[in-house]
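In this text, all values refer to a predicted model and were calculated from it rather than measured experimentally.
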There are 2 protein chains.
Amino acid sequence: MKKKITLKQIAKELEVSISTVSKALKNSEEISTDTKEKVQAFAKLHNYKPNNVAISLKNKRTKNIGVIIPDIVHHFFTTVFRGIEQYANKLGYNVIVCVSDESFDKEVINMEMLANGSVDGFIMSLSAGTQRKNDFNHLKEITEQGIPIVLFDRTTKEINCDKVLIDDREGAIKAVQKFIKNGRKKIALVTTENYFSVSNAREAGYREALANADIEIDEHRILKLPNMEVDENAIHEFFNSNEIDAVLCVNEIFAIHCMNLVQKKGIRIPEDISFIGFTDGILSKYANPGLTAMAQHGVEMGEVAAKMLIEKVEYVSDDEEEETYQTKIIESTIIERGSTIN
Amino acid sequence: MKKKITLKQIAKELEVSISTVSKALKNSEEISTDTKEKVQAFAKLHNYKPNNVAISLKNKRTKNIGVIIPDIVHHFFTTVFRGIEQYANKLGYNVIVCVSDESFDKEVINMEMLANGSVDGFIMSLSAGTQRKNDFNHLKEITEQGIPIVLFDRTTKEINCDKVLIDDREGAIKAVQKFIKNGRKKIALVTTENYFSVSNAREAGYREALANADIEIDEHRILKLPNMEVDENAIHEFFNSNEIDAVLCVNEIFAIHCMNLVQKKGIRIPEDISFIGFTDGILSKYANPGLTAMAQHGVEMGEVAAKMLIEKVEYVSDDEEEETYQTKIIESTIIERGSTIN
DNA sequence: TATTAACGCGAAAACGATTTCGTAACTATT
DNA sequence: AATAGTTACGAAATCGTTTTCGCGTTAATA
């Protein structure tokens with residue numbers, strides 16, 4: 001077992017000082033060509049690589065980014081993560097992921113673990129627990145220590161930091177407009193209870209688009225499901241007691257459930273009823289018929305978030321001037337499939 | 001901006017030495033109760049938390065685990081990662097993920113980045129590129145430095161280290177046996193070209209199970225698709241020209257495609273034809289009818305891998321004795337849904 | 001009263017690197 | 001020959017901890 005070699009050991013072997021070795025390896029002008037060659041050759045031979053931890057301590061910069069997401073077994077977050085990882089890696093950063101599991105407590109613990117020197121900054125999407133509790137002190141404390149945070153998708157106005165958002169309202173508007181263009185008037189919305197800012201924005205877009213088209217909003221055509229364990233009966237009841245010719249769903253799962261159920265009744269998609277679902281994922285692609293979806297471009301979102309964070313991290317502040325934060329919007333686009341009329 | 005406080009600053013404020021502060025915070029017997037209380041109160045007030053980097057340098061242990069996987073936007077790897085992250089986090093470890101993107105070069109670069117002190121050990125699944133190249137020197141070098149590696153799913157016998165595998169052959173056998181128990185005899189296999197060891201193992205299991213049941217193997221009942229962009233016509237042709245009453249698919253996507261197509265023909269699932277698909281993922285769960293699946297238990301796999309790694313990392317070797325490595329098999333189990341008869 | 005023991009604390013080394021500053025030994029200049 | 005200027009290197013501080021060892025003060029023992 002040949003442990004990694006250190007500057008000290010090289011110095012001893014070559015009977016020079018540690019400083020000389022360090023400088024020689026950096027090709028410093030200060031060192032004679034002879035010595036440099038000797039040192040570099042020896043270092044290469046023993047495959048010397050500087051110890052990251054020591055460098056981190058010295059530089060007070062880890063070149064690590066902390067990513068905290070509610071769930072990793074989730075297509076959207078995975079996609080965003082991919083974008084972050086790709087961009088960060090290109091600039092020599094590594095990514096430490098922690099999963100908050102939608103829990104406020106875990107989110108806090110994870111952030112505290114990483115904030116003590118393990119990372120230079122955070123990219124995160126708030127857990128459901130945090131959003132429900134509406135408590136952001138853990139974020140506040142970290143930004144106050146000068147550690148930058150970039151919030152994406154599930155954000156809050158309570159914290160002053162860079163943000164990357166999806167234009168959920170706009171996305172919903174686009175979807176509803178498509179329905180209307182196809183001649184649909186009885187447009188339903190299947191959404192979650194109002195925990196998530198995301199769902200709220202989508203609902204707002206839904207209402208706005210209908211209002212703009214002078215279509216009266218029938219509150220009965222809005223179904224709010226309490227969680228992801230979809231209650232078949234609720235859906236059944238919903239479609240039985242309402243005239244509906246188009247459905248916007250705030251996520252794939254709701255859409256798939258509704259489509260399956262509606263088809264069982266013998267209603268045809270898209271002839272009798274159209275569907276659009278939020279977040280283009282694997283379910284939309286392989287549904288039967290394919291589910292027309294509002295794509296969220298997670299990879300791009302991750303890249304943008306990583307770019308913003310790294311800029312903040314590497315920016316040497318002139319100390320005095322106020323920090324300035326931006327919010328970037330990633331546009332969602334519609335992916336047309338069989339569940340709507342082309 | 002209140003930067004994190006250090007021992008040095010506490011020491012200066014309280015007019016004691018750094019050592020005293022350090023010991024006081026560790027509740028050392030050496031320090032008087034008075035001093036301890038004073039120090040601890042002050043530390044709590046200023047929310048002192050030791051700097052992880054400094055501790056890592058001192059201990060020569062980072063409490064970080066490096067995970068290198070070919071792809072993160074992939075349900076199985078995500079699931080395994082979840083298991084790793086969960087277990088590791090419970091023991092106070094953080095996880096740094098790098099995606100090799102199926103590329104040998106990226107795998108090497110990622111490992112080298114992390115091997116210079118950033119992590120205490122690796123958990124990884126080999127990239128397609130590495131498997132094709134059959135070059136494992138990067139792994140060898142790292143193990144020679146005394147950094148432990150745990151390989152999962154895509155492994156190699158070339159490297160002597162802990163491994164976690166899935167019993168793909170056994171899984172296929174179980175699936176075929178279920179068909180047979182349901183009285184099916186004309187059992188088809190839909191698989192990939194023989195690039196992946198995984199598919200090969202599953203095919204072997206398929207053949208073995210049929211042979212054991214004295215069912216002759218009809219090679220026409222084996223469909224090999226060249227890639228994931230499924231060719232509808234090939235499937236069409238396959239089901240038209242063969243009598244089939246049960247289908248084992250080596251992945252969800254093939255299964256979903258086949259099921260959709262078969263249903264379009266008016267064939268009923270599971271009455272006329274049964275389906276079982278490999279790797280229980282989101283598609284299986286939300287298919288209509290639900291797809292009976294061979295679950296791979298990725299989370300468990302991740303947990304086992306993390307457990308094995310951490311044991312190696314924390315084990316203080318008696319230096320002289322030989323290291324001993326294990327290979328654990330994670331059994332796949334059948335998840336019954338609507339695509340088979342119960 | 002003299003010796004030993006216990007107590008409470010600080011100095012310093014160590015982890016592995018970078019970087020500033022000082023200086024000995026030459027070389028060049030006048 | 002005396003001074004100034006290079007050249008090539010080393011000592012030491014620093015990043016933030018932990019930990020060993022030493023030492024002065026007080027209390028306990030003979």
Side-chain angles (χ1 to χ4, degrees), chain A residues 3-40 42-43 46-64 114-120 145-147, chain B residues 3-40 42-43 46-64 92 113-120 145-147:
Chain A
K3 275 257 171 244
K4 291 210 88 68
I5 198 169
T6 67
L7 286 191
K8 204 195 229 181
Q9 293 168 45
I10 299 183
K12 199 200 280 182
E13 291 291 325
L14 263 37
E15 296 182 303
V16 292
S17 77
I18 294 178
S19 359
T20 302
V21 177
S22 175
K23 289 168 192 163
L25 290 175
K26 296 201 122 46
N27 238 315
S28 161
E29 292 299 324
E30 236 178 299
I31 306 296
S32 73
T33 320
D34 260 22
T35 311
K36 279 199 278 196
E37 276 172 3
K38 201 175 55 178
V39 171
Q40 288 172 6
F42 189 90
H46 290 77
N47 192 30
Y48 170 80
K49 295 278 164 52
N51 179 305
N52 289 333
V53 175
I55 292 184
S56 293
L57 183 58
K58 188 89 234 289
N59 295 347
K60 299 176 138 227
R61 293 217 10 233
T62 61
K63 286 225 147 200
N64 285 158
L114 297 184
N116 301 313
S118 295
V119 301
D120 297 337
Q145 284 168 31
I147 302 177
Chain B
K3 276 258 170 242
K4 291 211 86 70
I5 198 170
T6 68
L7 286 190
K8 204 195 231 181
Q9 294 167 43
I10 299 182
K12 196 201 281 183
E13 292 291 324
L14 264 38
E15 297 183 304
V16 293
S17 77
I18 295 178
S19 0
T20 301
V21 177
S22 176
K23 290 169 191 162
L25 291 174
K26 297 202 121 43
N27 238 316
S28 159
E29 293 299 326
E30 234 179 299
I31 307 297
S32 72
T33 320
D34 260 22
T35 312
K36 280 200 277 195
E37 277 172 3
K38 200 174 56 179
V39 171
Q40 290 173 5
F42 189 89
H46 291 76
N47 192 30
Y48 169 80
K49 294 279 165 50
N51 179 305
N52 289 332
V53 175
I55 292 183
S56 292
L57 183 59
K58 189 93 237 290
N59 295 346
K60 301 177 132 226
R61 293 219 9 234
T62 61
K63 286 225 147 199
N64 285 158
M113 274 196 75
L114 297 185
N116 302 312
S118 295
V119 301
D120 297 338
Q145 283 168 30
I147 302 178

Base, sugar-phosphate alone, or nothing: which one does Val53(A) contact when heavy atoms must sit under 4.0 Å apart? nothing

Euclidean distance, atom CD of residue Glu29(A) to atom P of dT7(D) [Å, nearest integer]: 10 Å

For Thr33(B) and for Ile18(A), find the nucleotide of DNA chain C with the closest heavy atom, then tell me which residue's nucleotide is more 5'. Thr33(B)

Between C1' on dG10(D) and CD on Glu30(A), what's the gap in Å once rounded to a whole number? 10 Å

Touch class at under 4.0 angstrom, heavy-atom based, for Lys49(B) against every strand present: sugar-phosphate

Take Thr20(A) and Thr35(A), measure what side chain to side chain contact (heavy atoms under 4.5 Å, CB included) needs, and give me the verdict at the end. CA-CA 9 Å; Thr20(A) 302; Thr35(A) 311; 3.9 Å; yes

Step by step, would you call Gln40(B) with Asn27(B) a side chain to side chain contact (heavy atoms under 4.5 Å, CB included)? CA-CA 9 Å; Gln40(B) 290 173 5; Asn27(B) 238 316; 3.6 Å; yes

Nucleotide nearest Val16(B) when distance is taken to its side chain, options dC9(D), dC15(C), dG10(C): dG10(C)

Do any side-chain nitrogens or oxygens of Ser32(A) fall under 4.0 Å of OP1 or OP2 in dC9(D)? yes

Lys49(B) atom NZ, over 12 foreign heavy atoms within 6.0 Å: yes

Does the base of dT17(D) carry an N or O that pairs as donor and acceptor with the side chain of Lys58(B) under 3.5 Å? no

Thr35(A) near the nucleic acid: base, sugar-phosphate alone, or nothing, with a heavy-atom cut-off under 4.0 Å? sugar-phosphate

Taking OP1 and OP2 of dG10(D), is either one under 4.0 Å from a side-chain nitrogen or oxygen of Ser17(A)? yes

What about Lys23(B), does its side chain sit under 3.5 Å from the base of dT20(D) through a donor-acceptor pair? yes

Base, sugar-phosphate or nothing for Thr6(B)? Non-hydrogen atoms, less than 4.0 Å. sugar-phosphate

Would you mind reading off the distance between Leu7(B) atom CG and dC15(D) atom P, rounded to a whole angstrom? 13 Å

Step-by-step side chain to side chain contact (heavy atoms under 4.5 Å, CB included) determination, Thr6(B) to Asn51(B): CA-CA 8 Å; Thr6(B) 68; Asn51(B) 179 305; over 6 Å; no

Whole-Å distance separating the NZ atom of Lys8(B) from the P atom of dG10(C): 16 Å

Result for 5'-nearest mapping on DNA chain C, choosing between Glu15(B) and Lys60(B), is Glu15(B)

So, is Ser22(B) close to the dT18(D) phosphate, meaning a side-chain N or O under 4.0 Å from OP1 or OP2? yes

Out of dT17(D), dT18(D), dA11(C), minimum distance to the side chain of Lys26(B) belongs to dT18(D)

